[in-house]
Amino acid sequence: MSDTAVKPPHYLDELNEIQRQAAMAIKGPVLVVAGPGSGKTRVLTYRIAHIIEQGAAPWEVLALTFTNKAAREMKERIEKVVGKRAGNIWAGTFHSLFARILRVEAPHIGYPSNFTIYDSDDTKSLIGQIIREMNLDKTVYQANAIKNRISSAKSSLITPKLYERNESLLAEDKGAKMPLVSKIYAKYVSRCKKAGAMDFDDLLFRLFELFQNHPEVVKKYRQKFKYVLVDEFQDTNTLQYAIVKKLVMYPNSPRNICVVGDDAQSIYAFRGATIQNILDYEKDFADFGIQTFKLEQNYRSTENIVAAANAVISHNRRQIQKKIWSDKGEGEKIRIIHEMDDTQEGKRVADTILELKSRHHLKNEDIAILYRTNAQSRIFEEYLRRFNLAYRVYGGLSFYQRKEVKDLIAYLRLVVNPNDEEAFRRVINYPKRGIGATSVGKVIALAGQQGIPLFEALKHVAFPNRTRHAADGFIDIIEQARAKMDKADAYELADTIAKRSGLLDFLRKDTSIEGMGRLENFQALLDGIKSFVEEDTVIDTETLPDKSLATYLQNIALLTDFDSNEAKNDTDVITLMSVHAAKGLEFQAVFVVGLEEKLFPSWMSMDTMEGMDEERRLFYVAITRAERFLTLSYANTRYRYGKMTMNEPSRFLSEVPAESIESTSHSRRSAGHEYDRVERQRAKVSGITPRQRSRGTARFAAPKVDPSTFKPSPIDMIEVGVRVMHLKFGEGRVTKLDGGSDNRIASIHFSDLAQPDKRIMLRFAKLQVLE
DNA sequence: ACCCTGGAAGTTTTT
DNA sequence: CTTCCAGGGT
């Protein structure tokens, strides 16, 4: 290259050669195959920055991600390069960006622009309602199962009409003794439409329909979005890819599209995702000069971890060839923890966390516990609390799914969209106002007869006087708020409703601990609405981000647990989450727990090859979250629905190469800590398991320390002469200290023991100083 | 119309 | 072990 060549802009200097090529190839179709920790996000962000630096307007860039968090991070990083303009990039989740488009275009397909978004609970409840109305046996027609079937039909572009004609789907339903699923599907769709509501899948499906049937609309967006990027492409479903194609595949299109993905990390097949999309993509764009880049250097993990990951994934057959490597040095070996039961697994993990923290100066935020099912978090929470380790559980119930929060939101939804059936049913008699099941039945009957919305029917049903009065009161609350909708902002409306509906008073009356918690959440919701109103968001020139209630509701409908503002308060905490939720994250130390057959891999997936492969990819995702320390754990028995179950160790454990595994004190053969061996021995003798004893049911040889109040003191509090408490040895006095600062050893006299003098390494021991 | 209670059923993974 | 719901009593 001559010396007159332009030096690449500075932000590109932060990329390696192949990353830079991928970032700079902004014209034409691009496929980036990105292994874990290979700087995928970095490439995407600098690529977008580059696109803008090369002259494109921010709003001409469409970047589709799977989580709000990923989108937010991306925007923040782009902002560092191109400044405030980054705010105008269309970066967000499929669902949120499509909702934004639909907000404008919905009238084209017979929806109001203030349509409601039904979340999973709404969907499930409506399906349940339909099943009840059809007088079907709900133990046969399970709402959840049907919801999944409808969801996957939509994700494969199958309308109710197509469903009815699809022999194989019908046969499957018959086989499952549910021949009427197609009928339920049809009813469900028409009820959603009548309610002016879209479920999560509709946000994609309806947009596709819109693009399909309204050429002038799709044309508008084709012209607008000159650059399209898709993150986590392996997790897109048929429908999502179909929409993306609608946007970039048309005559004379520049086809400036870049998809980034890793087939080995595809973990959402259950939701219709298919790596077939990657293969199709290569085929679809083959004639248009597709460029493929493989990012194979892992900057995240040590060589041991990468080697383990490679070995594990090699058990899967179909995959895009690549060799992930790291130059971070061999690093620590992988530890395996084997315990007798789930309780001990919990304790041992907490134990190991303490040890890691003191030995390697890790902070809580460097540590994560990952499990296959959310239900597993409990035991770990219990022990982390006992050991005084701060943590946060992600997943499970998000803030916006809590009852007290949903109740107020239902009122607000009804104000914005009086046809919203689910919101109506939720609050028509909550708090109790004397409109019971019989009355609601009348409303539903009338609405059905006359084909009018429930809220409309409520006005016209002939009720007894007392009920009529109650109904009028309810109608009044909603309609007064609606009348003020144009003038008042979201907070004013919400505040009024909170008071007038009686929700606030109702919550205030409950003075139990849980009740106060609920009130707190309720207030937090109001505060949240207030800050939504007051917050200065970057003004988007196209889709006016107003402070209206409708906008607020749309925003929160697509938030997950990850996005709640609670998370910001507690910073230095250990992360507990499902493996699915951990995708895209990284931690210094990772614990993958519950590695047993039927749990991880899940029993639901074990009967098919595809299912097993997906579980293995899930395991691959789990172990590649770790930067330096990886611990895998399993237990022989585990409580499920209150009864004990026995499990074999997960097959995945045996797929981890032996040379990556620490073999000294924690090998698979080793039964565990000294403490636990003692416990088990005692159990054998007394017939009492450690589990029972730790619950305080036994009086035998139990330590005199109550583990639930035991709080280990910091090491530097321990001095000669100090009285201390030890979990297993009881009370003692420090007689001597020696060893260097990193390696101090205390001699302690425990008067209750047969052999009272112990020497204890302080960095491992947990001692509580007694005042 | 509302409250209480006993029995049954349920847990993959998520936007 | 929880959560949900139906059915009976008030």
Side-chain angles (χ1 to χ4, degrees), chain A residues 64-71 92-99 117-121 123-125 128 132 138-139 142-145 147-148 151-152 154-155 198-205 232 235-237 239-240 266-273 342 370-379 394-398 400-401 403 429-441 463-464 466-467 470 556-563 577-584 594 598-606 611 614-615 617-619 621-622 638-645 695:
Chain A
L64 297 161
T65 64
F66 270 77
T67 60
N68 297 303
K69 185 167 178 278
T93 63
F94 279 88
H95 292 84
S96 68
L97 293 182
F98 292 176
I117 298 172
Y118 274 175
D119 68 12
S120 299
D121 290 339
T123 299
K124 192 179 158 194
S125 143
R132 230 169 297 138
K138 70 173 168 54
T139 56
Q142 290 182 356
N144 256 331
K147 183 179 131 222
N148 287 339
S151 172
S152 61
K154 284 184 182 171
S155 306
M198 299 200 201
D199 66 18
F200 288 144
D201 299 307
D202 285 333
L203 294 176
L204 313 180
F205 194 73
E232 309 280 15
D235 289 327
T236 53
N237 60 36
L239 175 54
Q240 287 166 319
S266 162
I267 55 175
Y268 285 103
F270 71 91
R271 172 174 115 179
D342 47 356
L370 308 181
Y371 33 73
R372 180 64 236 273
T373 65
N374 284 310
Q376 282 165 260
S377 69
R378 266 217 172 126
I379 295 170
Y394 290 84
L397 264 203
S398 90
Y400 296 101
Q401 287 176 305
K403 183 183 172 338
N429 197 31
Y430 190 87
K432 300 261 144 54
R433 54 172 65 84
I435 306 176
T438 324
S439 302
V440 175
F463 284 130
R466 183 201 277 226
T467 316
I556 60 161
L558 297 166
L559 291 184
T560 61
D561 196 24
F562 251 120
D563 311 307
M577 58 169 59
S578 72
V579 180
H580 281 90
K583 200 178 62 168
K598 298 182 184 171
L599 182 60
F600 196 176
S602 159
W603 59 278
M604 300 281 300
S605 315
M606 288 177 74
E614 173 139 327
E615 294 289 319
R617 290 193 295 267
L618 197 51
F619 184 56
V621 168
R638 173 176 301 279
Y639 278 84
R640 223 178 153 203
Y641 307 144
K643 63 176 192 289
M644 195 167 74
T645 51
R695 296 197 163 178

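Chain letters run A, B, ... following the sequence lines, proteins first and then strands; every chain starts at 1. Predicted, not measured: the structure shown is a model, and the values here were computed from it.
No cation-pi contact links A:Lys583 to A:Tyr268, judged by a cut-off of 6.0 Å to the six-membered ring centre and 45° from its axis.
One can place CZ of A:Arg466 at 12 Å from C1' of B:dC2, the figure rounded to the nearest angstrom. The NZ-P distance, from A:Lys138 to C:dC5, rounds to 7 Å in whole Å.
For the pair A:Arg271/A:Ser155, no side-chain contact is recorded, criterion being any heavy-atom separation below 4.5 Å from C-beta on. With contacts defined as side-chain heavy-atom distances shorter than 4.5 Å, the pair A:Thr373/A:Ser578 does not qualify.
The side chain of A:Lys432 places an N or O atom within less than 4.0 Å of a non-bridging phosphate oxygen (OP1 or OP2) of B:dC3.
Heavy-atom minimum distance, A:Leu239 versus A:Lys154: CD2-O, 3.4 Å.
Checked by atom type and distance alone, the side chain of A:Thr645 pairs as donor or acceptor with a backbone atom of A:Arg638 at under 3.5 Å.
For B:dT11 and C:dA6, the C1' atoms lie 23 Å apart once the distance is rounded to whole Å. Taking the C1' atoms as reference points, C:dC5 lies 24 Å from B:dT12, given to the whole Å.
Checked for salt-bridge contact, A:Asp199 and A:Lys147 miss the test: no charged N lies under 4.0 Å from a carboxylate O.
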*At under 4.0 Å between heavy atoms, which parts of nucleotides 8-15 of chain B does protein reach? Answer with one letter per nucleotide, 5' to 3': B base, S sugar-phosphate only, - none.*
--BBBBBB
